[in-house]
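Quick note on labels: first sequence line is chain A, next is B, and so on, each numbered from 1.
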Amino acid sequence: MTRIDVLAPMSGSVVPIEEVPDPVFAERMLGDGVAVDPVEGVGVAPVSGRLVVFHSAGHAFAVEEATTGVAVLVHVGLDTVEMHGEGFERLAEAGQDVTAGQEIVRFDLAAIEAAGHAARSPIVLPQLEPSARVTVTGADRVQAGRDVILSVELPDGERAPSA
Amino acid sequence: MEDKARAYIEALGGAENIKDIEGCITRLRGTVVDPSKINAQQLTRLGAIGRPIVIGKGVQVVVGTYAELIGSAMNDILKQR
């Protein structure tokens, strides 16, 4: 069994994925996960690996864990693509190798609210193989880059299919 | 990616049917002229997840983590016309 601990990409309260008011996330159309109501506008890498995707608007990114290939997608707020990068400061670029806890983006929580968007941020595991087991933390609050928000157990000898 | 983008344009009813399209991180979001021209089966064959979400003339298609790349490739093709 291989186990990966996924660190909280932002500080705040832990929210079940079902409570994200966006069916694509809430109905796990992309995969299992969890959400955070952030209290601070900093998003960090949840695992060490490659930053495979970082949207030009700065509101979402995915890191592929170095040894297993498991991808973790972090989406800051909902419908925040509509802000076209306003209020988001990119601190890394796609293709770069990053370390768990490394700052990837800074975002302005007040600007997200002013734009009429929810700051609730889904963290999902797309492309995860069906035999993988996902366990979400029992904690109510997490600190970015320090607390484990969920862990993934993969049967040995298997890798997540690459995208 | 260009072939995929062309296939998505076709599945959304062709270039004439697409008013605007944008790739979010996991889904294509856009506006179409006639939602009935969207071919949901074709979208599924292309790898779209679930059925397209259609609200009025607005459409969202969940395509996975490379939506932005597909979206910008679609816009490149649409601009060439």
Side-chain angles (χ1 to χ4, degrees), chain A residues 9 17 20-33 43 49-64 69-85 88 90 93-95 104-105 117 121-128 160-163, chain B residues 1-9 11-12 18-32 35 38-80:
Chain A
I17 193 78
V20 174
D22 180 329
V24 174
F25 296 112
E27 291 169 19
R28 297 182 167 85
M29 285 169 74
L30 295 159
D32 209 349
R50 181 150 300 167
L51 184 62
V52 284
V53 178
F54 194 1
H55 197 281
S56 58
H59 72 297
F61 61 90
V63 180
E64 209 170 88
V70 166
V72 183
L73 174 75
V74 179
H75 198 287
V76 182
L78 298 170
D79 295 324
T80 38
V81 66
E82 292 165 8
M83 294 169 74
H84 300 289
F88 292 85
R90 306 158 63 87
E93 286 308 323
I104 305 294
V105 62
H117 300 302
S121 301
I123 296 125
V124 297
L125 304 160
Q127 306 139 24
L128 197 61
S162 53
Chain B
M1 196 56 78
E2 204 188 311
D3 290 348
K4 196 148 208 180
R6 281 186 199 285
Y8 271 107
I9 290 172
L12 288 174
I18 300 172
K19 278 166 110 172
D20 61 82
I21 193 83
E22 171 180 46
C24 180
I25 193 99
T26 61
R27 62 193 117 171
L28 298 168
R29 309 156 62 109
T31 318
V32 294
I38 297 170
N39 187 332
Q41 282 180 343
Q42 203 175 339
L43 287 170
T44 308
R45 275 199 296 276
L46 288 169
I49 301 158
R51 286 188 59 82
I53 302 160
V54 180
I55 301 161
K57 308 258 184 212
V59 61
Q60 293 192 9
V61 184
V62 182
V63 297
T65 36
Y66 293 90
E68 184 181 22
L69 296 177
I70 297 170
S72 53
M74 286 172 80
N75 275 310
D76 287 347
I77 294 165
L78 293 171
K79 260 183 243 141
Q80 282 164 19

Residue B:L69 versus chain A: region with a heavy atom under 4.5 Å: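 Contact with chain A involves no heavy atom of B:L69 at all.
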Segment of A:T80 engaging chain B (4.5 angstrom heavy-atom cut-off): neither
Contacting moiety of A:E27, where chain B heavy atoms sit under 4.5 Å: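 For A:E27, no heavy atom lies under 4.5 Å from chain B.
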Shortest non-hydrogen separation from B:P35 to B:K57 and the atoms involved: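 That closest heavy-atom pairing would be CG-CA, 4.2 Å.
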Residue from B:D20, B:I38, B:I21 passing side chain to side chain contact (heavy atoms under 4.5 Å, CB included) with B:V32: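 Per the side chain to side chain contact (heavy atoms under 4.5 Å, CB included) rule, the option paired with B:V32 is B:I38, out of B:D20, B:I38, B:I21.
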A:R28, CZ atom: more than 12 neighbouring heavy atoms under 6.0 Å: yes
Intermediate values then yes/no, side-chain contact (heavy atoms from CB on, under 4.5 Å), B:I18 and B:M74: CA-CA 10 Å; B:I18 300 172; B:M74 286 172 80; 4.3 Å; yes
